[in-house]
There are 2 protein chains.
Amino acid sequence: MEKKQNPLFVGTLAKGLRLLRAFDESHVSLSLAELVARTGLEKSAVQRMAHTLHHEGMLERDPGTRRYRPSHAWLELAYAYYWSDPLISRALPKLVEFSRAYGETVNLAQISGDHIIYSLRLPNQRTQFAASIVGRRLPALGTASGRVMLATWSKEEVTHALENWPIRSATPKTITDREAIAEDIARAKNDGYSITDGQMMLNEISLAVPVISIDGRANAAVQVSVSSLTYDEARLKGEILPALLDTAGGIPG
Amino acid sequence: MEKKQNPLFVGTLAKGLRLLRAFDESHVSLSLAELVARTGLEKSAVQRMAHTLHHEGMLERDPGTRRYRPSHAWLELAYAYYWSDPLISRALPKLVEFSRAYGETVNLAQISGDHIIYSLRLPNQRTQFAASIVGRRLPALGTASGRVMLATWSKEEVTHALENWPIRSATPKTITDREAIAEDIARAKNDGYSITDGQMMLNEISLAVPVISIDGRANAAVQVSVSSLTYDEARLKGEILPALLDTAGGIPG
DNA sequence: TCATAAGTATCAAATAATGATACTTCAATC
DNA sequence: GATTGAAGTATCATTATTTGATACTTATGA
């Protein structure tokens with residue numbers, strides 16, 4: 001184990017958490033050996049941690065394949081999170097209302113370090129699975145939600161973000177030029193919304209508006225995803241934008 | 001710490017997990033002292049665990065109040081869970097379809113020990129917050145979903161459940177008589193659906209149908225909640241039940 | 001069938017967690 | 001605004017617990 005200065009740091013617990021985080025969308029179940037590979041821990045340590053997590057109900061274990069999987073307990077943790085975050089209960093009814101009225105996919109995104117995380121998602125029939133489930137994280141600079149939040153932040157913070165936050169190219173259309181993103185944020189600051197086209201997925205247009213708190217700053221955004229095959233920007237601005245501004249504005253500060 | 005026989009059991013990790021589980025819908029943030037009270041651990045241990053969990057991004061800490069809260073990481077874990085459970089991706093499009101068509105709250109429930117857990121929820125405007133968010137656990141015997149699943153299980157399993165699983169009285173109408181529940185399960189076995197009225201909440205009717213796997217057994221159910229003020233059982237059976245059976249039946253086995 | 005990898009069990013060594021205690025900061029009350 | 005008790009933080013000697021090497025067993029597939 002690396003030298004951990006602080007005597008309050010409990011290495012064993014941190015190791016256990018690494019096993020939990022070893023699971024993601026492309027690692028839905030892991031064997032002992034795979035856990036060793038993904039966590040970088042000793043085989044013995046992984047054996048003990050996995051045993052303990054299983055014993056405590058945090059990992060499911062297939063007796064046949066001996067592979068470990070996330071358990072229902074991971075959803076219970078999400079349940080506790082939902083109650084703990086006051087924004088969720090304020091935003092949910094507004095999003096439901098919007099979703100029912102327009103039938104388009106609508107999400108609540110929150111800033112989470114240099115990423116955004118989707119904390120509420122109301123999918124429609126056409127929505128891809130990855131875009132339907134909560135907890136997804138995306139680099140903030142590459143999303144309409146992230147940009148429209150940044151548009152409410154101080155000049156210093158925006159500069160820092162533009163210089164340091166990560167950018168990941170997900171489609172041929174992904175803008176990786178930080179200058180261009182800076183312009184987009186400036187535009188969002190002026191317009192009060194941000195639109196991206198095919199940044200994370202081709203043929204997907206995203207429209208995001210900020211959820212502004214009392215101090216004028218946004219740490220969250222409401223975002224709509226539509227297909228570029230059925231919408232163009234003009235129609236999006238005409239039909240969806242006003243309602244989306246109402247939705248975000250209606251979330252109690 | 002109690003004597004833990006198995007040398008593979010890592011007590012420190014188990015203790016850390018207790019901090020996470022100390023949070024729930026009525027404990028959305030906890031101070032150090034409250035964590036001590038709720039976990040039953042030593043003050044020193046809680047201090048170290050909380051520090052570590054915070055350091056690892058699993059707990060948010062308000063610098064002003066010094067209280068701990070669940071972090072976004074708890075949603076990320078849910079994201080990993082969603083990918084890991086193959087039922088989710090199969091059920092989601094069907095539930096969305098139903099939700100759009102009927103505009104009523106629809107859920108996917110799965111058995112989780114002697115409880116059911118809601119793993120997908122598509123709320124409508126009238127849905128209460130607690131009924132809108134995933135991860136909620138309810139005693140299986142008290143829910144239409146739990147009963148309709150049990151209806152597909154072996155006689156021995158049902159007997160065992162009826163004798164041992166917990167029952168919690170949530171409303172004046174909650175049925176706590178295990179005989180009556182046995183009858184209800186028998187009825188569900190015959191009908192292929194289960195209806196409860198005001199069991200968890202007054203003025204709420206639940207209709208559940210099983211998601212049956214190849215072996216004829218159900219570990220999941222699709223469930224609709226409607227207000228008893230706008231629906232009666234007859235209307236529910238006439239208008240909703242056929243579509244709900246289609247929805248559940250359409251989930252690929 | 002054999003060979004090899006994966007998973008499981010054991011144990012001596014010593015690191016890292018423990019929990020008692022002392023110190024500091026906060027917040028409430030007079 | 002000073003006083004007081006509770007909550008939070010820091011420290012450290014003790015020792016229980018984790019550690020990680022190794023041997024053993026069970027799977028897998030060539």
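Chain letters run A, B, ... following the sequence lines, proteins first, then strands; residues in each count from 1.
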**Report entry** Spacing between B:K15 atom NZ and C:dA16 atom P, to the nearest angstrom
**Finding:** 17 Å
Report task. Return yes when atom CZ of B:R168 has more than 12 non-hydrogen atoms of other residues, nucleotides or ligands closer than 6.0 Å, and no otherwise. Result -> no
Requested in this report: Would you indicate which nucleotide in D:dT9, C:dG7, C:dG19 comes nearest to any side-chain atom of B:S44?
Outcome: C:dG19
Report task. Would you mind checking if A:R67 and A:E34 are paired as a salt bridge, meaning a charged N to carboxylate O distance below 4.0 Å? Result -> yes
Report task. Check for a donor-acceptor pair, side chain of A:W74 on one end and backbone N or O of A:M58 on the other, with a separation under 3.5 Å. Result -> yes
Query raised in the report: Roughly how many Å is it from CZ in A:F9 to P in C:dA17, rounded to a whole number?
Result: 9 Å
Query raised in the report: Does B:E56 pair with A:R21 as a salt bridge, N-O distance under 4.0 Å?
Result: yes
Query raised in the report: Taking the nucleotide of DNA chain C with the closest heavy atom to each, which residue, A:S31 or A:V10, is nearer the 5' end?
Result: A:S31
Query raised in the report: With a 4.0 Å cut-off on heavy atoms, is B:R61 in touch with a base, just the backbone sugar-phosphate, or nothing at all?
Result: sugar-phosphate
Report task. Over all heavy atoms of both residues, which pair between A:A50 and A:L35 is shortest? Give the atoms and the distance, please. Result -> CB-CD1, 4.5 Å
Query raised in the report: Between the two end axes of the helix from C:dT1-D:dA30 to C:dC30-D:dG1, each built from 5 base pairs, what angle do you get to the nearest 10°?
Result: 60°
Query raised in the report: Taking the side chain of A:R66 as heavy atoms from C-beta outward, which of D:dT18, C:dT25, D:dA27 is closest to it?
Result: D:dA27
Report task. Rounded to the nearest angstrom, tell me the gap between atom CG in A:L13 and atom C1' in C:dA16. Result -> 13 Å
Query raised in the report: Considering only C:dT8, D:dA10, C:dA17, which nucleotide approaches the side chain of A:L8 most closely?
Result: D:dA10
Report task. Check for a donor-acceptor pair, side chain of B:T152 on one end and backbone N or O of B:A218 on the other, with a separation under 3.5 Å. Result -> yes
Query raised in the report: Of B:T65 and A:G64, whose closest DNA chain D nucleotide lies nearer the 5' terminus?
Result: B:T65
Query - Electrostatic pair B:K15-B:E42, nearest N-O below 4.0 angstrom - result: no
Report task. Under 4.0 Å from any atom of DNA chain D, heavy atoms only: list the residues of residues 45-54 of chain B that qualify, in numerical order. Result -> B:Q47
Query raised in the report: Rounded to the nearest Å, what distance is computed from the CG atom of residue A:D62 to the C1' atom of nucleotide D:dA27?
Result: 14 Å
Query raised in the report: Which of the following nucleotides, C:dA17, D:dA21, D:dG8, is nearest to the side chain of A:E42?
Result: D:dA21
Report task. Measure the distance from CZ on A:R67 to C1' on C:dA6 and round it to the nearest whole Å. Result -> 12 Å
**Report entry** Spacing of CZ belonging to A:R137 relative to CG belonging to A:D114, to within rounding of 0.5 Å
**Finding:** 7.0 Å
Query raised in the report: Hey, is CD on A:Q128 packed in by over 12 heavy atoms from elsewhere, all under 6.0 Å?
Result: no
Query raised in the report: What is the minimum heavy-atom distance between B:L75 and A:I117, and which atoms define it?
Result: CB-CD1, 4.0 Å
Query - Below 4.0 Å: OP1/OP2 of C:dA20 and any side-chain N or O of B:K43 - result: no
Query raised in the report: To the side chain of A:T12, which of C:dT8, C:dA16, C:dA6 is closest?
Result: C:dA16
Report summary line: Here the distance between atom C1' of D:dT18 and atom CG of A:L41, to the nearest Å, is 13 Å
Query raised in the report: CG of A:L32 versus C1' of D:dT26: gap in Å, rounded?
Result: 13 Å
